[in-house]
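Comments concern the structure below.
Residues take their numbers from the sequence shown, with the count starting at 1. Just so it is clear, the structure is predicted and the values come from calculations on it, not from any experiment.
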Amino acid sequence: MGNAKEHYDKTSREYVQKWQDMDRQSSFNTSFYFRKKIMEAVLEIARVEKNDRVIELGCGTGLVLRELLNKIKRVFGTDISPEMLKRVQDSTLKDKKVVIAENFLDADTRHRDTEVLLMPNGVSRLDLPKNYFDKILSVEVLRYVDDLENALCNIAAVMKADSRFVFTITNFWSSSLFTIKFSIRKILGLVNPRKELLQYFVTEKSIRRHLKTAGLEIVEFRKMGLLFANPLLKKFIKNQTRAEKIYKLDRKLSNKPILGKFADTFVIAVKKSTNG
């Protein structure tokens with residue numbers, strides 16, 4: 001899975017601090033606002049109900065888990081970085097009962113009173129019980145996976161027939177142009193894995209193909225960030241009021257047939273295919 005584990009093990013404390021600072025600061029931050037909107041979209045599409053068993057793959061420091069706990073009493077999470085899981089325990093959800101375990105089913109049995117059960121695990125080698133979770137979430141994780149098709153097959157293998165998997169992934173044709181610039185730098189050998197995260201992007205056509213190969217059927221396909229990712233427009237989004245107006249326009253334009261090609265983020269809900 002690229003170099004994500006090494007990167008986040010080193011930067012987990014910085015990551016927590018960054019989001020805490022953004023949450024507290026009085027000045028408006030466009031990236032923080034858009035990230036929260038992506039999280040809201042994932043939770044909306046997931047349609048989590050109070051008795052659902054929900055797991056987030058690549059839960060990081062627990063920002064999405066924190067939101068989930070407003071809907072359900074107990075949540076599950078995995079992350080390839082053990083240090084990020086520790087930040088869930090000592091920072092983001094330090095007021096909750098959090099357990100980090102190596103063996104998922106054993107820990108689930110022994111810690112029934114735990115509000116948050118975490119496991120160090122990556123989607124490239126997913127070690128989770130089959131037919132167990134009602135909803136599976138993954139936010140800004142698959143863009144760091146070098147073998148996407150393998151990861152999707154692993155996730156499909158642990159889904160129930162009626163499970164819903166909701167995830168985000170970054171569009172290669174993003175209006176941010178970061179994706180194209182990064183890909184060109186990677187081809188030219190200018191990306192240093194010791195200093196920056198390796199990233200992998202998709203087109204709408206390629207992600208649809210990967211999902212079909214993995215035996216997954218699209219339930220909802222939403223596009224976001226046509227305006228918010230554009231570096232020129234971002235300069236004009238300086239307060240909450242303006243951001244809300246532009247976000248409404250962003251949602252409309254991002255899902256238009258031609259303009260949607262340049263949206264930044266795909267938010268996709270899938271289920272197991274009924275076609276065998």
Side-chain angles (χ1 to χ4, degrees), residues 1-8 11 15 18 22 29-39 41-42 58 60 80 122-124 138-152 166-214 218 220-238 243 246-247 249-270:
M1 187 174 168
N3 62 346
K5 179 182 182 301
E6 293 77 10
H7 175 85
Y8 284 114
T11 62
Y15 193 85
K18 177 181 72 173
M22 287 184 182
N29 185 288
T30 306
S31 296
F32 184 57
Y33 175 88
F34 184 53
R35 169 65 185 269
K36 293 206 309 190
K37 288 298 182 183
I38 289 175
M39 288 168 51
V42 168
I80 197 170
V123 293
S124 295
S138 180
V139 182
E140 294 187 11
V141 171
L142 296 183
R143 68 184 287 173
Y144 305 118
V145 177
D146 54 354
D147 190 343
L148 179 60
E149 202 161 283
N150 171 64
L152 291 172
V166 183
F167 67 95
T168 70
I169 196 160
T170 305
N171 179 19
F172 176 80
W173 298 112
S174 168
S175 63
S176 70
L177 299 181
F178 166 79
T179 50
I180 296 173
K181 292 177 182 178
F182 183 90
S183 298
I184 291 173
R185 288 176 56 230
K186 188 161 60 174
I187 291 171
L188 296 176
L190 300 177
V191 175
N192 186 343
R194 294 183 179 180
K195 296 183 178 180
E196 57 186 311
L197 270 167
L198 292 174
Q199 301 184 51
Y200 309 87
F201 313 111
V202 300
T203 62
E204 180 176 350
K205 183 178 180 179
S206 69
I207 187 59
R208 287 182 180 274
R209 183 180 69 249
H210 287 316
L211 289 168
K212 185 176 181 180
T213 301
I218 295 174
E220 185 168 348
F221 197 115
R222 186 179 297 184
K223 302 173 186 179
M224 301 176 65
L226 172 67
L227 302 180
F228 268 87
N230 187 298
L232 296 177
L233 290 175
K234 282 173 70 174
K235 296 179 181 180
F236 296 97
I237 309 174
K238 296 181 178 180
I246 293 179
Y247 178 69
L249 181 59
D250 187 290
R251 285 198 61 176
K252 291 180 181 179
L253 297 181
S254 290
N255 287 282
K256 293 291 184 182
I258 297 177
L259 293 175
K261 181 180 177 66
F262 305 103
D264 177 74
T265 302
F266 299 147
V267 184
I268 308 172
V270 299

Hey, does Val42 have a side-chain heavy atom less than 4.5 Å from the side chain of Phe167? no
Kindly say whether Ser124 contributes a backbone atom to a donor-acceptor pair with the side chain of Asn150 at under 3.5 angstrom? yes
Verdict with supporting geometry, Arg222 and Asn255, side-chain contact (heavy atoms from CB on, under 4.5 Å): CA-CA 7 Å; Arg222 186 179 297 184; Asn255 287 282; 4.2 Å; yes
Could you grab the distance from atom OH of Tyr200 to atom OG of Ser206, nearest 0.5 Å is fine? 15.0 Å
Would you say the side-chain atoms of Thr30 pair up with the backbone N or O of Ile237, donor to acceptor, closer than 3.5 Å? yes
Straight-line distance of Phe178 CZ to Arg185 CZ, nearest 0.5 Å: 7.5 Å
Identify the heavy atoms of Thr170 and Arg143 that sit nearest to each other, and give their distance. OG1-NH1, 3.3 Å
Between Asn3 and Arg194, is there a donor-acceptor pair closer than 3.5 Å when you use the side chain of the first and the backbone of the second? no
Can you name the nearest heavy-atom pair linking Asn29 to Phe32, along with the distance? OD1-N, 2.8 Å
Geometric class of the Tyr15/Tyr8 ring pair [parallel <30°, tilted 30-60°, perpendicular >60°]: perpendicular
State the CG-CH2 distance between Leu226 and Trp173, to the nearest 0.5 angstrom. 15.0 Å
Heavy atoms from other residues, nucleotides or ligands near CD1 of Ile258 exceed 12 (cutoff 6.0 Å): no
Could you report the tightest heavy-atom contact between Ser183 and Phe201, atom names first, then the distance? OG-CD1, 3.7 Å
Just do the side-chain contact (heavy atoms from CB on, under 4.5 Å) check on Lys212 and Arg208 with the steps written out, would you? CA-CA 6 Å; Lys212 185 176 181 180; Arg208 287 182 180 274; over 6 Å; no
Got a second to check how far Ile180's CD1 is from Phe172's CZ, nearest 0.5 Å? 5.0 Å
If I compare all heavy atoms of Lys223 with all of Gly260, which pair ends up nearest, and what's the gap? CD-O, 3.6 Å
Please say which of Phe262, Tyr33, Phe236 ends up in a ring pair (Phe, Tyr, Trp, His ring centres under 6.0 Å) with Phe228. Tyr33
Check whether NZ of the Lys or CZ of the Arg Lys37 lies under 6.0 Å from the centre of the six-membered ring of Tyr247 and within 45 degrees of that ring's axis. yes
Please find the pair of heavy atoms, one from Lys234 and one from Ser31, that lie closest to each other, and give the distance. NZ-OG, 3.7 Å
CG-NE2 distance between Leu142 and His210, expressed to the nearest 0.5 angstrom: 10.5 Å
Minimum heavy-atom distance Glu140-Thr168, with the two atoms named: N-OG1, 2.7 Å
Taking everything shown except Lys186 itself, do over 12 heavy atoms lie less than 6.0 Å from its NZ? yes
Counting N and O atoms only, with roles assigned by atom type, does the side chain of Thr11 sit under 3.5 Å from a partner on the main chain of His7, one being a donor and the other an acceptor? yes
side-chain contact (heavy atoms from CB on, under 4.5 Å) assessment of Ile207 paired with Leu148: CA-CA 9 Å; Ile207 187 59; Leu148 179 60; 3.8 Å; yes
Show your reasoning for whether side-chain contact (heavy atoms from CB on, under 4.5 Å) applies to Leu198 and Val191. CA-CA 8 Å; Leu198 292 174; Val191 175; 3.9 Å; yes
Among Thr265, Asp264, Thr179, Asn230, the one residue meeting side-chain hydrogen bond (donor to acceptor under 3.5 Å, both in side chains) with Ser174: Asp264
Any chance you could measure Asp250, atom CG, to Phe34, atom CZ, to the nearest 0.5 Å? 6.0 Å
When you compare the side chain of Ile80 with that of Val141, does any pair of heavy atoms fall below 4.5 Å? no
